[in-house]
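In what follows, a single structure is set out as structure tokens and then discussed.
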Amino acid sequence: MKKSAFVAALGLSLVLLTGALSGCSSKEAASGDKVIYVGTQNDYPPFAFTNDKNELTGYDVDVIKEIDKKLDGYKFEFVPSGWDGIFLALEANKIQVVADEVAKNPEREQKYLFSDESYFQAQSVIVVKKGRTDIHSLKDLEGKKVAASVGDSYTQLLEQYNAKNGNKIILRYNDAGTSSDNLQDVQNGRVDAYVNDPVMTAATIKKEGLQVEAIGDPVQTDGINLVFKKDKQGEELKAKIDPIIKELKTDGTLKKLSEQWTGGEYIPQ
């Protein structure tokens, strides 16, 4: 997350993933390279999004492109997808890799393979309407309405807190909503807060002019990994890609990309 093709329409829905992309299992390119389809979102700046030229770009996209340069015999093509359908597409072999700021957790590791090497270090912060001063920690979210996207790492963090503390945070699930939608809900007062990555939040605030802000210290820090299907091909890809990610850390490529896209160095050791 090499040379890549933008092979799917923007805003790709689960219907398209399971229908029109039914032929998107890995195949041979005209060059003889094996085509690997990579799932990522197209509305999650600065990690994966479409720019003004309608091109898929961002940190995660550039990481895959750098891997592609170093991995002989393969050609990577991107399949933009909503978060709600990306793992179903992986399970159905419509894509073979997920590069979408995914953190490991026990539930996911039971179902999928993760790269041993992390390619980004993500933080989780609380986002509130600008000027609000009564929320600084997870405990302050008790009794408050908090936006949540089903299945993402930030929602699972809140669900774990609730499980230990009597379900005191009121989660407002947005099955199909994007991170931008959830931030809009914070701004408009539909919810009191949202938990997500500060880098994405800053990029979306700048792009959309939102009156929201990240407050307090990070509530959690996670390594971000590539995800593969738990099968023979997934094992082969993982074995080939892990050393390349390590090389990209060592030679400074990931540091350069992180500074370019996020303004900081968020590379795990």
Point to revise | Check: K70 side chain, I241 main-chain N or O, donor-acceptor pair, under 3.5 Å | key: no
Exercise for review: Please determine if D116 and K246 form a salt bridge, counting it only when a charged side-chain N lies under 4.0 Å from a carboxylate O.
Suggested key: no
Check your understanding: Would a distance-only check, ignoring hydrogens and angles, find a side-chain to backbone donor-acceptor pair under 3.5 Å from T155 to V150?
Key -> no
Practice item. Check the pair Q233, K34 against side chain to side chain donor-acceptor pair (under 3.5 Å), reporting the backbone distance first and the verdict last. Key: CA-CA 11 Å; Q233 179 174 243; K34 190 172 187 178; 3.1 Å; yes
Practice item. Answer yes if the side chains of Y194 and T201 hold a donor-acceptor pair under 3.5 Å, and no otherwise. Key: no
Check your understanding: Which atoms form the tightest heavy-atom contact between P46 and T262, and what is the distance?
Key -> CG-CG2, 4.3 Å
Review point. Angle class for the F120/F47 ring planes (parallel below 30°, perpendicular above 60°, tilted otherwise)?
Key: perpendicular
Check your understanding: Given the rule that I, L, V, M, F, W and Y join up when any side-chain heavy atoms are under 4.5 Å apart, are V146 and Y173 in one cluster?
Key -> yes
Check your understanding: Looking only at heavy atoms, what is the nearest atom pair of S258 and G264, with distance?
Key -> OG-O, 2.6 Å
Exercise for review: Using a 4.5 Å cut-off on heavy atoms from C-beta on, say whether the side chain of I67 contacts that of L226.
Suggested key: yes
Practice item. Keeping the roles fixed (side chain from K129, backbone from V186), state whether a donor-acceptor pair exists under 3.5 Å. Key: no
**Study point:** N-O pairing of E235 and K238 below 4.0 Å
**Key:** no
Review point. Do the side chain of N225 and the main chain of Y119 share a donor and acceptor less than 3.5 angstrom apart?
Key: no
Exercise for review: In sequence, state the C-alpha distance, the side-chain angles, and the governing distance for F49 and T204, and then conclude on side chain to side chain contact (heavy atoms under 4.5 Å, CB included).
Suggested key: CA-CA 11 Å; F49 64 102; T204 305; over 6 Å; no
Exercise for review: Please round to the nearest 0.5 Å and tell me the distance separating atom CD1 of I267 and atom CD1 of I224.
Suggested key: 11.0 Å
Point to revise | Over 12 foreign heavy atoms within 6.0 Å of NZ, K249 | key: yes
Review point. Just how far is it from atom OG1 of T50 to atom CG of N42, taken to the nearest 0.5 Å?
Key: 5.5 Å
**Study point:** Test item: E259 side-chain N/O and E265 main-chain N/O as donor-acceptor pair under 3.5 Å
**Key:** no
**Study point:** Step-by-step side chain to side chain contact (heavy atoms under 4.5 Å, CB included) determination, K139 to Y161
**Key:** CA-CA 9 Å; K139 185 168 181 58; Y161 180 91; 3.7 Å; yes
Point to revise | Distance-minimising heavy-atom pair for T221 and Q121 | key: CG2-NE2, 3.1 Å
Review point. If every non-hydrogen atom of G39 is compared with every non-hydrogen atom of I95, which pair is closest and at what distance?
Key: CA-CD1, 3.7 Å
**Study point:** Sidechain N-carboxylate O distance under 4.0 Å for R190, D185
**Key:** yes
Quiz: residues 211-220 side-chain donor-acceptor pairs under 3.5 angstrom, not counting sequence neighbours:
from : atom 1 : to   : atom 2 : distance (Å)
E213 : OE2    : G131 : N      : 3.0
Q220 : NE2    : D222 : OD1    : 3.3
Q220 : NE2    : D222 : OD2    : 3.0

Review point. Can you name the one residue among L113, V97, V227 that meets side chain to side chain contact (heavy atoms under 4.5 Å, CB included) with L90?
Key: V227
Revision key, fill the gap. Residues L248 and D251: closest non-hydrogen pair is O-OD1, 3.0 Å
Practice item. Report yes if some heavy atom in the side chain of V102 is under 4.5 Å from a heavy atom in the side chain of F114; otherwise report no. Key: yes
Practice item. Answer yes if I205 and I126 sit in the same cluster of Ile, Leu, Val, Met, Phe, Trp and Tyr residues linked by side chain heavy atoms under 4.5 Å apart, and no otherwise. Key: yes
Check your understanding: Do the side chain of T40 and the main chain of A99 share a donor and acceptor less than 3.5 angstrom apart?
Key -> yes
Review point. Counting N and O atoms only, with roles assigned by atom type, does the side chain of D242 sit under 3.5 Å from a partner on the main chain of S115, one being a donor and the other an acceptor?
Key: no
Practice item. Kindly compute the distance separating CG (N165) from CG (L138), expressed to the nearest 0.5 Å. Key: 9.0 Å
Point to revise | Note, I36 side chain near F228 side chain (heavy atom, < 4.5 Å) | key: no
Practice item. Could you give me the CA-CA distance, side-chain angles and deciding distance for D62 and W261, then say whether side chain to side chain donor-acceptor pair (under 3.5 Å) is met? Key: CA-CA 10 Å; D62 278 357; W261 285 108; 2.9 Å; yes
Practice item. Drop me the distance from I135's CD1 to E142's CD, to the nearest 0.5 angstrom. Key: 11.5 Å
Study note, to complete from the structure: Distance col, row L183:CG vs M200:CE, nearest 0.5 angstrom, shows 5.0 Å
Check your understanding: Is there side-chain contact between E66 and L254, with at least one heavy-atom pair below 4.5 Å?
Key -> no
Review point. Just checking, any donor-acceptor pair under 3.5 angstrom between side chains of Q156 and N105?
Key: yes
Exercise for review: Take atom NZ of K144 as the centre, draw a 6.0 Å sphere, and report whether it contains more than 12 heavy atoms from other residues, nucleotides or ligands.
Suggested key: yes
Check your understanding: Rounded to the nearest 0.5 Å, how far does CG of N51 lie from CG of L56?
Key -> 8.5 Å
**Study point:** N182 (side chain) donor-acceptor with S179 (main chain) under 3.5 angstrom
**Key:** no
Review point. Should the pair K111-E107 be classified as a salt bridge under the 4.0 Å nitrogen-to-oxygen rule?
Key: no
**Study point:** Atom of Y74, atom of K240 and distance for their closest heavy-atom approach
**Key:** OH-CE, 3.3 Å
Check your understanding: For S118 and K104, what are the C-alpha separation, side-chain angles and deciding distance, and is it a side chain to side chain contact (heavy atoms under 4.5 Å, CB included)?
Key -> CA-CA 10 Å; S118 298; K104 290 181 181 180; over 6 Å; no
**Study point:** Y154 backbone acceptor or donor facing S124 side chain under 3.5 Å
**Key:** no
Practice item. State which residue, out of K229, E91, K230, fulfils the side-chain hydrogen bond (donor to acceptor under 3.5 Å, both in side chains) condition with Y112. Key: E91
